[in-house]
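All remarks here apply to the structure that follows.
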Amino acid sequence: MIDQINRSETLDQLEALRVAALGKNGSITALLKTLGGMSPEERQSQGPRINGLREAVAGAIAARKAALDAAALDARLASERLDMTLPVDTPAAGTIHPVSQVMDELAEIFADLGFAVATGPEIEDDWHNFTALNIPESHPARAMHDTFYFPDQPDGERKMLLRTHTSPVQIRTMLQQKPPIRIIAPGRTYRSDSDATHTPMFHQVEGLVIDKGITLGHLKWTLETFLKAFFERDDIVLRLRPSYFPFTEPSAEVDVGYTLEKGKRVIGGSGGGWMEVLGSGMVHPKVIAACGLDPDEWQGFAFGCGIDRLAMLKYGMDDLRAFFDGDIRWLKHYGFSALDVPTLSGGVGA
């Protein structure tokens, strides 16, 4: 039997020998079954011999199988060839949406400036979204045509709505965290508006600094540093214009200079004119007080802008509605590779 096993040339032949010897009806299996009918003296003499035969056959089969497997592998390796010079088929890969890419860029830039990323609920109450931000009942932002309200709540409960800005995140942070505070709050916001530059849902980022001795100079330096890093240009020129926001005093609209290159506006310089990109200001004392802080001790600044608008300005998209159309052709054109991770050393828009 062992000689037959050693002479077997294929795995099929070897398997047939195994079944013939060790299978359910095999010859060695039949010998093992006879042990039950033997006397103790016969089992003592025949048992080791039969078990030794079974172990010898099983060992020979295992060794021969290993040898046949190795020979088959050697034959396969000798016959198969892989041409390493042939081009590889590129598998289909998804792309990162420009909004997601810009959010990552913002987080990278402001992390270098010592800012943390804060988040909050998109379904807000009236107090966090308006009242705590010094927005009076008569302010247009509270009107039904500008804000998505939920149905009236039972008496005693705050009116719920889809947040109109990420400023409630600033309020929640000031209530939960002791100063000094340095955060940005990116996220989705909602307003009842729709055209080429507005959508009912859009993305916004706001920044907040609360500390002692904060001035407008700190605000201007922060915005200038941020915009230079984001647009990756050193010739960024800012212009601050007096404005009004209920939650800041004084308030300023921030314009950035642009130039005309081949008929297109390019951020940088100021030869072509000015473009509004941000709203900003010093945090209103009433907002600081509403969060339980002493406005005589703590000061701060805040700013906000649309992430979608920043993406349009940097990457040359001219219709905001395309951001939400779900057109795979648009996303393939404007999307980013998952490996294009923004870094300050490599360029946040790399």
Side-chain angles (χ1 to χ4, degrees), residues 1-105 107-108 111 232 311 315 317 322-323 325-350:
M1 173 65 73
I2 293 179
D3 289 339
Q4 288 180 299
I5 292 172
N6 292 334
R7 290 196 304 269
S8 60
E9 297 180 354
T10 66
L11 290 174
D12 290 339
Q13 292 177 2
L14 185 64
E15 177 63 13
L17 292 173
R18 186 196 69 80
V19 172
L22 301 176
K24 184 176 180 180
N25 298 315
S27 57
I28 297 178
T29 304
L31 290 173
L32 288 170
K33 290 179 180 179
T34 65
L35 291 173
M38 294 180 183
S39 65
E41 293 77 8
E42 290 175 325
R43 281 198 301 271
Q44 188 174 6
S45 63
Q46 297 297 324
R49 184 179 67 82
I50 296 174
N51 281 313
L53 178 60
R54 182 187 62 177
E55 292 175 1
V57 170
I61 290 173
R64 186 57 181 167
K65 183 177 185 301
L68 290 174
D69 285 339
L73 178 60
D74 291 341
R76 180 180 175 186
L77 293 176
S79 62
E80 291 183 351
R81 292 290 186 270
L82 181 62
D83 189 349
M84 300 299 292
T85 65
L86 290 175
V88 178
D89 292 335
T90 304
T95 54
I96 304 298
H97 196 283
V99 169
S100 299
Q101 180 76 8
V102 170
M103 282 189 176
D104 289 343
E105 294 177 14
E108 178 71 14
E232 301 179 65
Y315 296 113
M317 294 160 279
F323 280 59
D325 283 345
D327 190 331
I328 194 67
R329 297 167 300 176
W330 182 91
L331 188 54
K332 284 183 177 180
H333 180 75
Y334 287 109
F336 293 81
S337 167
L339 300 178
D340 288 336
V341 179
T343 61
L344 291 177
S345 59
V348 291

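Counting begins at 1 with the first residue of the sequence. The basis for the numbers below is simple: all heavy atoms, side chains too, and nothing from hydrogens, waters or symmetry mates.
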Under the ring pair (Phe, Tyr, Trp, His ring centres under 6.0 Å) criterion, do Phe323 and Tyr334 qualify, and how do the steps go? CA-CA 10 Å; Phe323 280 59; Tyr334 287 109; 8.1 Å; no
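Under the salt bridge (Lys or Arg N to Asp or Glu O under 4.0 Å) criterion, Lys65 pairs with Asp69, not counting sequence neighbours. Residues passing the side-chain contact (heavy atoms from CB on, under 4.5 Å) test with Asn51 are Leu32, Arg54, sequence neighbours excluded. Partners of Asn25 under the side-chain contact (heavy atoms from CB on, under 4.5 Å) rule, at least two apart in sequence or in another chain, do not exist in this structure. Applying the salt bridge (Lys or Arg N to Asp or Glu O under 4.0 Å) test to Glu9 and every residue at least two apart in sequence or in another chain returns nothing. Arg329 pairs by the salt bridge (Lys or Arg N to Asp or Glu O under 4.0 Å) definition with Asp327, not counting sequence neighbours. When the side-chain contact (heavy atoms from CB on, under 4.5 Å) test is applied to Ser79, no partner is found at least two apart in sequence or on another chain. Remark: Ala322 engages Asp325, Trp330 in a side-chain contact (heavy atoms from CB on, under 4.5 Å) (not counting sequence neighbours). For Glu15, the salt bridge (Lys or Arg N to Asp or Glu O under 4.0 Å) partners at least two apart in sequence or on another chain are Arg18.
Of all heavy-atom pairs between Ile96 and Ala338, the closest is CG1-CA, 3.9 Å.
Pairs engaging residues 73-96 under the ring pair (Phe, Tyr, Trp, His ring centres under 6.0 Å) rule: none recorded [sequence neighbours left out].
Tested against Gln101 for a side chain to side chain contact (heavy atoms under 4.5 Å, CB included), the candidates Met103, Glu105, His97 yield a single pass: Glu105.
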